[in-house]
Amino acid sequence: MNDNGAGLSSLAAIATAAIAVLTLLRASRDSSDRTRPMIVAEMLPAEHDSNTIDFVLRNYGQSLARDVKVAFDPPLYVPDGSDAVLTPYLIQRYDAPIPTLSPGQELRNVWWSGIEKGGDDLENSESTPDKALVTVTYRAPQGRRTYTDVFPLDVKTIMMTTFATSSTSLPGRLKTIDASLSSIARSMRATATAAAKGATAAGALRTHSAVEHEAAGDTGTGEHRKEAHPSEGRWASFRRWSYTTAAVLAAALRRSGK
């Protein structure tokens with residue numbers, strides 16, 4: 001009995017030690033998973049353009065990622081004669097491994113840029129496909145473990161986004177301000193046009209007055225000249241005011257970029 005009891009005690013001790021080791025290994029793995037880098041490839045709406053979709057690579061993890069490699073399927077390329085302007089930058093960025101990506105750091109590039117080519121639908125001005133498989137491979141900070149994740153991306157997922165804009169929100173207020181400035185610009189153009197027409201009319205009247213003086217034999221001296229002088233001053237003042245107003249309005253329009 002004593003031998004059996006000793007054997008059972010030994011087995012119990014071994015089992016306890018094994019459970020303790022497994023618990024420690026599991027805790028270590030859980031800690032490693034919590035603090036590991038976690039790179040995610042995704043498509044997101046552009047921050048300042050509702051017709052643009054960005055490709056974003058972001059480290060959502062708690063530690064540094066090293067030697068980050070990104071592969072696209074189908075491979076990205078720019079065909080001859082393409083109007084793509086931004087796709088070459090996307091290709092060059094991921095043509096070689098990225099040395100490090102810090103926690104919270106993201107890399108953003110335009111993937112899909114919609115332009116109007118007739119009809120209600122937008123077409124992509126870039127040469128990127130609507131669907132792609134993105135494979136991301138990277139190492140942990142110590143380099144002892146490598147992670148590989150595959151992300152199926154589809155621009156349709158983002159294009160189906162719906163939203164509402166309140167007139168009190170920042171975009172709504174900016175839209176209201178833009179409409180107000182456009183209205184002011186139209187009023188300024190109308191005022192400038194009216195002022196220019198007024199200046200032309202004043203010049204025509206001044207010329208007509210001079211012709212009348214010449215027909216009456218006015219030499220510019222004597223009482224008749226003194227009577228004409230106040231009228232001449234009024235037309236000259238009006239003409240100067242018209243020219244000055246038109247110049248100020250034209251300068252304001254140039255500064256506003258309208």
Side-chain angles (χ1 to χ4, degrees), residues 14-77 84-114 124 126-166 169-171:
I14 293 173
T16 301
I19 292 173
V21 171
L22 290 175
T23 301
L24 289 174
L25 290 175
R26 183 174 299 173
S28 176
R29 180 177 291 275
D30 290 342
S31 176
S32 176
D33 289 340
R34 286 194 301 269
T35 60
R36 58 162 281 192
M38 185 174 293
I39 307 298
V40 175
E42 55 189 344
M43 290 184 180
L44 295 175
E47 295 179 351
H48 304 294
D49 188 349
S50 59
N51 295 333
T52 300
I53 298 174
D54 290 344
F55 172 77
V56 181
L57 191 74
R58 182 181 176 90
N59 184 0
Y60 286 95
Q62 301 298 316
S63 59
L64 189 75
R66 296 186 180 276
D67 195 25
V68 182
K69 301 175 183 178
V70 180
F72 300 94
D73 183 19
L76 303 184
Y77 73 102
V85 175
L86 301 176
T87 303
Y89 294 96
L90 174 64
I91 296 174
Q92 292 176 24
R93 166 169 270 180
Y94 298 108
D95 187 49
I98 299 170
T100 58
L101 200 63
S102 303
Q105 182 181 1
E106 72 173 29
L107 304 178
R108 184 180 288 261
N109 288 86
V110 171
W111 181 278
W112 197 94
S113 180
N124 187 15
E126 299 299 320
S127 60
T128 46
D130 288 351
K131 295 182 179 181
L133 285 178
V134 182
T135 302
V136 183
T137 304
Y138 53 98
R139 295 186 294 109
Q142 295 78 15
R144 292 179 297 179
R145 188 173 181 181
T146 300
Y147 302 94
T148 299
D149 296 301
V150 179
F151 302 91
L153 303 182
D154 188 346
V155 298
K156 186 177 180 180
T157 305
I158 307 302
M159 294 175 68
M160 294 297 103
T161 301
T162 58
F163 59 90
T165 301
S166 169
S169 65
L170 179 58

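With values rounded to the nearest 0.5 angstrom, Arg58 atom CZ is found 11.5 Å from Ser102 atom OG. The distance from the CH2 atom of Trp111 to the CG atom of Asp130 is 9.5 Å, given to the nearest 0.5 Å. One finds the CG atom of Leu76 at 11.0 Å from the CD atom of Glu126 (value rounded to the nearest 0.5 Å). Distance OG1/Thr161 to CD1/Ile53: 8.0 Å, rounded to 0.5 Å. Atom CZ of Arg108 is separated from atom CD of Glu47 by 4.5 Å, given to the nearest 0.5 angstrom. Separating the CD atom in Gln142 from the CZ atom in Arg139 is a distance of 10.5 Å, to the nearest 0.5 Å.
Here the closest non-hydrogen pair linking Ala41 and Leu57 is CB-CD1, 4.0 Å. Closest heavy-atom contact between Ile158 and Pro45: CG2-CG, 3.6 Å. Residue Phe151 comes nearest to Ile39 through the heavy atom pair CZ-O, 3.4 Å, listed as atom of the first residue, atom of the second, then distance. In plain terms, the two heavy atoms of Thr52 and Ser113 that are nearest each other are OG1-OG, 4.0 Å. Of all heavy-atom pairs spanning Ala132 and Pro74, the tightest one is CA-CD, 4.4 Å.
Just one of Val134, Leu44, Leu107 meets the side chain to side chain contact (heavy atoms under 4.5 Å, CB included) condition when paired with Phe55; it is Val134.
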Side chain to side chain contact (heavy atoms under 4.5 Å, CB included) between Tyr138 and Leu101, intermediate numbers included:
CA-CA 10 Å; Tyr138 53 98; Leu101 200 63; over 6 Å; no
As a quick check of understanding, evaluate side chain to side chain contact (heavy atoms under 4.5 Å, CB included) for Val155 and Asn124, giving each step before the final call.
CA-CA 11 Å; Val155 298; Asn124 187 15; over 6 Å; no
Under the side chain to side chain contact (heavy atoms under 4.5 Å, CB included) criterion, do Trp112 and Met159 qualify, and how do the steps go?
CA-CA 10 Å; Trp112 197 94; Met159 294 175 68; 4.1 Å; yes
Would you check, one step at a time, whether the test side chain to side chain contact (heavy atoms under 4.5 Å, CB included) holds for Leu86 with Asn109?
CA-CA 8 Å; Leu86 301 176; Asn109 288 86; over 6 Å; no
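Side-chain atoms of Arg66 come within 3.5 Å of backbone N or O of Pro141 as a donor-acceptor pair. Between the side chain of Ser63 and the backbone N or O of Thr35, at least one donor-acceptor pair lies under 3.5 Å. The main-chain N or O of Lys156 is found under 3.5 Å from a side-chain atom of Asp154 such that the two form a donor-acceptor pair. Between the Asn59 side chain and the Met38 main chain, a donor and an acceptor come within less than 3.5 Å of each other.
At least one side-chain heavy atom of Lys69 sits less than 4.5 Å from a side-chain heavy atom of Pro97. Residues Val110 and Leu90 have side chains not in contact (no heavy-atom distance under 4.5 Å, counting atoms from C-beta outward).
The aromatic rings of Phe72 and Tyr94 sit perpendicular to each other, their planes meeting at more than 60°, with 30° as the lower class boundary.
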